[in-house]
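Following: one structure in structure tokens, then a few remarks.
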Amino acid sequence: MEFEDRVKSLIRSIPRGRVATYAQLAALAGNHRAARQVARVLHSSSRKDRLPWHRVINSRGGISLGRGRGFEEQKRLLKAEGVPADRSGRVDLGAFQWEPPGLHGPRLRPPRIAVVRP
DNA sequence: GGTATGACGGACA
DNA sequence: ATGTCCGCCATAC
């Protein structure tokens, strides 16, 4: 359960007033393709482990929870710590995305290598 | 081993 | 901008 533990630790380290994306957390946890596992961790453990789950949003800067399934609460919790979300749940990533300390030029994803399309 | 799940992401029309 | 398609992979069973 290494990956899951790293994800939880990362989520706990997101400061108030900032957000992180699923893909970002997956990459920081060691697997840039495991965004879905981050979602799964939140789904299954955010309540039990008291995680600041509302600071996790999708790569387009949006709230991924549906209306009536947490959307409103997430928006409210974010607003309460100074992160505004518009009516569609959109947050300005450029202004509020968490940047973990210690990384100079964070390479969250491997460079795209040339690929031939058959 | 296999199947199902999951609050996803990127590419493309 | 919106919507669809498909790859991805850690877990649970």
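A, B, ... follow the sequence lines: proteins, then strands. Residue 1 opens every chain.
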| request: Indicate, with a heavy-atom threshold strictly under 4.0 Å, whether Ser44(A) touches base, sugar-phosphate, or nothing. | output: nothing
| message | Over all strands shown, is Arg69(A) touching base, sugar-phosphate only, or nothing at heavy-atom distances under 4.0 angstrom? | response |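 Answer is nothing: Arg69(A) stays at 4.0 Å or more from every strand.
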Take atom [atom1] of [X] and atom [atom2] of [N], then tell me their distance rounded to the nearest Å.
{"X": "Arg33(A)", "N": "dC8(C)", "atom1": "CZ", "atom2": "C1'", "result": "7 Å"}
{"X": "Tyr22(A)", "N": "dG6(B)", "atom1": "OH", "atom2": "C1'", "result": "11 Å"}
{"X": "Gln24(A)", "N": "dG10(B)", "atom1": "CD", "atom2": "P", "result": "12 Å"}
{"X": "Leu25(A)", "N": "dC9(C)", "atom1": "CG", "atom2": "P", "result": "17 Å"}
{"X": "Gln74(A)", "N": "dA7(B)", "atom1": "CD", "atom2": "P", "result": "13 Å"}
{"X": "Glu73(A)", "N": "dA7(B)", "atom1": "CD", "atom2": "P", "result": "16 Å"}
{"X": "His32(A)", "N": "dG10(B)", "atom1": "NE2", "atom2": "P", "result": "10 Å"}
{"X": "Gln37(A)", "N": "dG9(B)", "atom1": "CD", "atom2": "C1'", "result": "12 Å"}

| said: Quick check: on DNA chain C, is the nucleotide nearest Arg36(A) upstream (toward 5') of the one nearest Arg40(A), or the reverse? Name the residue that is more 5'. | reply: Arg36(A)
| said: As a test of reading the structure: which of dA10(C), dA7(B), dG9(B) is closest to the side chain of Asn31(A), going by heavy atoms? | reply: dA10(C)
| query | From the list dG10(B), dA1(C), dA7(B), which nucleotide is the closest neighbour of the side chain of Ser59(A)? | reply |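 That would be dG10(B).
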| query | Taking C-beta and beyond as the side chain, do Gln24(A) and Leu10(A) meet within less than 4.5 Å on heavy atoms? | reply |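 Sidechains of Leu10(A) and Gln24(A): no contact.
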| Arg55(A) side chain near Val83(A) side chain, heavy-atom distance below 4.5 Å |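 A side-chain contact under 4.5 Å is absent here.
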| How far, in whole Å, is dA11(B) from dC9(C) if one measures between their P atoms? |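 Their P atoms lie roughly 16 Å apart.
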| message | Taking CZ in Arg67(A) as the centre, count heavy atoms belonging to other residues, nucleotides or ligands within less than 6.0 Å. Is the count above 12? | response |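 Counting neighbours around CZ of Arg67(A), more than 12 heavy atoms of other residues, nucleotides or ligands fall under 6.0 Å, so yes.
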| Quick check: does any side chain N or O of Arg90(A) sit under 3.5 Å from a backbone N or O of Arg60(A), one acting as donor and the other as acceptor? | yes
| request: Please check the phosphate of dA7(B) (OP1 and OP2 only) for any side-chain N or O of Ser46(A) closer than 4.0 Å. | output: no
| request: Could you tell me whether Glu72(A) and Arg76(A) have a side-chain N and a carboxylate O separated by less than 4.0 Å? | output: no
